[in-house]
A.B. asks: 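Quick one: the structure is below, and I'll ask about it shortly.
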Amino acid sequence: MSQFFDLGDETLWNPSNGAARLFLRQVAVFEAELGLRSGIGPMENDECQIEPAVLEVFANALLARHRQTSHAVIWALSVGFTATLLALAERARVEVRWLPDDGDQVQGLRAKVRELDRRMVR
C-alpha cells in the first residue's frame, strides 16, 4: 500500500503508508511552529492534494527558519523534514528561494534535497 501526494492529476510523491503518515504528522508540527498552513491537504482515500501557492509560502518560511537556526538539536530534529518538504515543493514547481551566499549548513540541506528528490518515488 502507498499514498499519493498530488498536484491536480500529477503525482508528485507516492510514499509508503508509514512514510506518508510520519510526514503528515511532521507537517502538523511545523504548521504549528510557523503559524502557517502548509498547502498539503488531508489524506483522503490514499490521496492528498497540494495547493502550490500556499506550499510556496510555507516552504520559504521553513527554509528561512532553518537558515536562522543555530541550535544544534533543533537543526538536527528539523533537517530531514525540511529537506523532504523542499523536495516536494520543488516538484510542485513552487519557487524555493535559495540564496547564492547561503552558508555550508544550508548548502548541505540543498544537497540533501537533491538526494531525496532522486529517492522519492513518484
A.B. asks: Leu55 and Leu34: same hydrophobic cluster, using ILVMFWY side-chain contacts below 4.5 Å?
C.D. replies: yes

A.B. asks: Any ring pair (Phe, Tyr, Trp, His ring centres under 6.0 Å) pairs touching residues 33-72, not counting sequence neighbours?
C.D. replies: His66-Trp75

A.B. asks: Are Met43 and Leu22 connected into the same hydrophobic cluster when the rule is that any two of I, L, V, M, F, W, Y join if their side-chain heavy atoms are below 4.5 Å apart?
C.D. replies: no

A.B. asks: Does any pair with a residue in residues 20-43 pass ring pair (Phe, Tyr, Trp, His ring centres under 6.0 Å), and if so which ones, sequence neighbours excluded?
C.D. replies: Phe5-Phe23, Trp13-Phe23, Phe23-Phe81, Phe30-Phe81

A.B. asks: Quick one: does Gln49's side chain have a donor or acceptor within less than 3.5 Å of a partner on Gly8's backbone?
C.D. replies: yes

A.B. asks: Can you run down the side chain to side chain donor-acceptor pair (under 3.5 Å) pairs that involve residues 109-122, sequence neighbours left out, and say none if there aren't any?
C.D. replies: Arg91-Asp117

A.B. asks: If you look only at pairs with a residue in residues 64-90, which of them pass as a salt bridge (charged side-chain N to carboxylate O under 4.0 Å, His left out), with sequence neighbours excluded?
C.D. replies: Glu33-Arg65, Arg67-Asp102

A.B. asks: Please assess Arg97 against Leu99 for the test side-chain contact (heavy atoms from CB on, under 4.5 Å), listing each intermediate value before the final yes or no.
C.D. replies: CA-CA 6 Å; Arg97 291 186 286 282; Leu99 300 176; 5.5 Å; no

A.B. asks: Are any of the side-chain heavy atoms of Glu95 and Glu56 separated by less than 4.5 Å?
C.D. replies: yes

A.B. asks: Does anything in residues 20-31 form a side chain to side chain donor-acceptor pair (under 3.5 Å)? List the pairs, not counting sequence neighbours.
C.D. replies: Glu31-Ser38

A.B. asks: Quick one: does Val94's side chain get under 4.5 Å of Val57's, heavy atoms only?
C.D. replies: no

A.B. asks: What distance separates Asn14 CG from Gln3 CD, expressed to the nearest 0.5 Å?
C.D. replies: 9.0 Å

A.B. asks: I need the minimum non-hydrogen distance between Ala20 and Pro15, along with the two atoms involved.
C.D. replies: CB-CG, 3.8 Å

A.B. asks: Under the side-chain contact (heavy atoms from CB on, under 4.5 Å) criterion, do Ser78 and Thr69 qualify, and how do the steps go?
C.D. replies: CA-CA 10 Å; Ser78 64; Thr69 299; 5.6 Å; no

A.B. asks: Kindly indicate whether the side chain of Cys48, heavy atoms from C-beta on, has any atom under 4.5 Å from the side chain of Ile40.
C.D. replies: yes

A.B. asks: Give me the atom names and distance for the closest heavy-atom approach of Leu7 to Ala92.
C.D. replies: CD2-O, 3.8 Å

A.B. asks: Other than Val73, which residues form its hydrophobic cluster under the rule that side-chain heavy atoms must be closer than 4.5 Å?
C.D. replies: Leu77

A.B. asks: Apply side-chain contact (heavy atoms from CB on, under 4.5 Å) to Leu62 and Leu36, showing your working.
C.D. replies: CA-CA 10 Å; Leu62 186 64; Leu36 295 170; over 6 Å; no

A.B. asks: Same cluster for Phe4 and Ile50 if Ile/Leu/Val/Met/Phe/Trp/Tyr side chains link at under 4.5 Å?
C.D. replies: no

A.B. asks: Test side-chain contact (heavy atoms from CB on, under 4.5 Å) on Leu116 and Leu86 and set out the steps.
C.D. replies: CA-CA 10 Å; Leu116 284 174; Leu86 293 175; over 6 Å; no

